[in-house]
K.L.:
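Quick one: structure below, then a few questions.
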Amino acid sequence: MAQKIDDLKVYWNKITYAFPILNDAIFSDCSNTEYEEVQQLISGLGIEIKIRDLILVHIEKYLRQHVAPNFWAKFSKVDEEIKGFQLFKSAVTDLYEAVSSFSPILCRLTILNNNCNDNKPIYGEKDVILGFKQLVRATLLSQLPLNFHIIINHFYKVSFNVFDNEYENSEMAEDVMCSGCLNEYSDCNCAYIVKVFHDTNRKLMDLQLLERLTGQVLTNFIQMRIESHIQKICTGTFDISHIGFLENWLDTTLMTWLTRIYCAGSSKPPPDDKNIQNAISKFKQKLSYFLYHSYTKLRIDQLFNIIIEYPDSQPAIDDIKLCLDKTDLRPTLCKKLQNALETRLLHPGVNTPDILTAYISTIRALRHLDPSGVILEAVTKPVRNYLRNREDTVRSVVSSLTEEGAGSELAEELAKFAAEADGDNDKDDAWDEWNPDPVDADPKVDSNDRRASDIISMLVNVYGSKELFVNEYRTLLADRLLAQSVINTEKEIRYLELLKLRFGESQLHFCEVMLKDILDSKRINALIHQDKSIEELNKKFTSNAMILSAQFWPPFKDESLELPEEIKQHLEAYTKSFEALKGNRTLSWKPHLGNVNIEIEIGTKKLDLTVSPFNATLIMHFQNKPEWTIDELHQAMKVPVTILRRKITYWQSMGLITEKSTDFFVLVDSSDSKTNVQTSQVQDMICEDEETESVMTSAQDQREGELQVFWSYIVGMLTNLDSLPLDRIHQMLKMFALQTPGTECSIQELRQFLDTKVRTHQLVLQGGMYKLPKT
Amino acid sequence: MKVTVKSWTGVATWRWVANDDNCGICRMPFDSCCPDCKLPGDDCPLVWGACSHCFHIHCIVKWLHSQPQQQCPMCRQDWKFNNK
Ligand SMILES: [Zn+2]
Ligand SMILES: [Zn+2]
Ligand SMILES: [Zn+2]
């Protein structure tokens, strides 16, 4: 019995000599011949399977208790990159050595396993060595610490710097520092870093840990690199295409570096290793996509500015166009651009002409980006809705259409259209250039409409229809023709011809008659001035008329105004003369329309003014009688009191009339120095009361004058939003107008200001809501 | 203070002095023009008949051309131009 136990001890010692792992050790001097004997011993005892399984248990335990903890112990949270680099290097080296030290044991275990003949898989593998490697990986990964990526990141960052530097061939060559390793040139570390880098990668590859351990870190790292590279080269200018450079950078710097990681230093994958080739090409696909994606996202963030700079920014638009096909960013682009347009353009603080300019740029740029017109339509819908609700949109479009000189894009556009209309138009034959609509196209819209619409029709469509637009144009033309004392009819006719080409003869026929009326009026005036019966009257002052064909002009607002007797006689004489000139025809005067050239002498000052008939009549009354109550004026002029109150402000602002007490107005005496008008300033003043409103400086309320700068904002808000309570107006002013320091305005001050506007009938206050009065 | 009017430019609309608003033939307003014309007034004047009915000159001329008898389309009296 004792003999037997002793025997067993001897056997066990022999077995543990061959497999020291059973005593949690690794090194043994056991030679191949010695092992043959041990193997025979095990086979003789018939315990192959038991011993093998026991060894596996011990290997597992050893890896878990020693190898893995030793490895991970080095993955500390260090800040210094080069320290991290060293730590990772030594972790991998130590691991590699530890794993290698198992090979004699594994060699014997293979023989033992072959003798087991039970075909049991070792950790999922048939082969002992493969199974072992699997076990190593599983054990390591089961103990993955939280911050494992830090030193890996340092490791690849340090090595990438060296590579990036190699490929960029930096201009800092004369620096004392090597931009690769950031050491002084005298002890540049780059060669060492490259060697360690290759060495470590090879070991990881060998352990089949490269992908598992570093894959995600590497991907994150490269993506960060791509983003920072894009940020670095794409700031500011939009007039260079970057996508070629970026693709090239990816191909050379990034992919070469990656290939070297995967191929243990070689810049080309081994031609026979399909796995590595696949891994690399997969990585490249992923990175290309990421590159396009990041670049496009950056450009989309800049798109508003790119559009504003179009066509100088066409290279940037070309880049986006190319990238949109490679990414899925079309919806993002639409959403972001729409937001940008809304926040940058669509609020009361932006002038309509500026919105229009931006809108035109958007049309041009997006048409280049997406010839199908789908993006344009989707993105600019809010802009169109907004413009439709701005009352000066058509005026801006029309004035831009008829503006002379460079800078007026629309005038150019109109001229271009006229030139194209002359050439033959065979667009219908271009069937072979047809392309299907993109998937996000609105099926309800005819794609031909979307493609063909030119910039002017895009603008006109803002207004709903050609007819509405032309109507607006007619109203504006009427205002302009009647407001101006000197009319450049030639210019108006020239533009009318251009507009006729664009909108068709019939639409603009009315306007033609209007212009002809103005031209005819000049002739008739000249003829009537020769009439003997009116000659005497005209010696005092000349009367002229604008004789309109009522059927062709927009309807006039009927406003009453009783003209001074002297003027009435004059106009009656004119009518008589007209009737004599044109048989069977007579005139009906619109007393409130027209313009009057008057000279006012106060003391030593002389004012030469062109004013409305209302203002002329009013001041003439004050000449005869220096004090008037509002009711007396109402009796004399037959003008509603509310309108009188509003319009008398013109003469108040000129300092000629003052409101002595409520509704009691007196002429300011010539000796009174309050008259704050300079003759030169007033010389060309055309008297549209609304236009002169901003000149209004009321002496008794300085603060009101200061708040006057916000008036246009407030009018803008109320024009767009109809009616608003006090606090909303205050809020919006704070957002748009009160940002510059020194322009504070408390809500009480604002209320006072608005209330004076209500008193002067420039605002209406109804149920706590401020509104513009209906005119 | 002395105010001197140097010139007064008023605005007026012209109209035909007729006892109706519309042309009995084309139904257009007299102050507009007949369907064949583009410009009102001098280019498309009115004429009066002896019966005191009036029309766009182009309308009555066309009417008279199309009729076997030269009658006023309103009162069927013989049409005579009244040079009033
Ligand atoms: Zn007629
Ligand atoms: Zn006619
Ligand atoms: Zn008749």
K.L.:
Could you check whether any side-chain heavy atom of B:V5 comes within less than 4.5 Å of a side-chain heavy atom of A:M620, counting everything from C-beta outward?
P.N.:
yes
K.L.:
Heavy-atom distance under 4.5 Å between the side chains of A:F552 and B:C33, does that happen here?
P.N.:
yes
K.L.:
Sort out for me which of B:V11, B:D42, B:L39 touches chain A most, counting heavy-atom pairs under 4.5 Å.
P.N.:
B:V11
K.L.:
Answer yes when B:D43 and A:K516 have at least one side-chain N-carboxylate O distance shorter than 4.0 Å, and no when they do not.
P.N.:
yes
K.L.:
Contact part of A:Q551 toward chain B, heavy-atom cut-off under 4.5 Å: side chain, backbone, both or neither?
P.N.:
side chain
K.L.:
Do you know which of A:I547, A:N525, A:L548, A:I598 has the most heavy-atom pairs with chain B at a distance under 4.5 angstrom?
P.N.:
A:L548
K.L.:
Residues in ring-ring contact (aromatic ring centres under 6.0 Å, His included) with B:W79, at least two apart?
P.N.:
B:F55, B:F81
K.L.:
Testing A:I619, A:L656, A:I602, A:N624 for side chain to side chain contact (heavy atoms under 4.5 Å, CB included) with B:V3, which one passes?
P.N.:
A:I619
K.L.:
Given heavy-atom pairs under 4.5 angstrom as the criterion, report whether the side chain, backbone, both or neither of A:K582 touches chain B.
P.N.:
side chain
K.L.:
Taking every non-hydrogen pair under 4.5 Å, which of A:V513, A:L563, A:I567 racks up the most with chain B?
P.N.:
A:I567
K.L.:
Given heavy-atom pairs under 4.5 angstrom as the criterion, report whether the side chain, backbone, both or neither of A:A616 touches chain B.
P.N.:
side chain
K.L.:
Name the region of A:Y574, side chain, backbone, both or neither, that has any atom closer than 4.5 Å to a heavy atom of chain B.
P.N.:
neither
K.L.:
When rounded to the nearest 0.5 angstrom, what distance separates CZ in B:R15 from CZ in A:R585?
P.N.:
13.0 Å
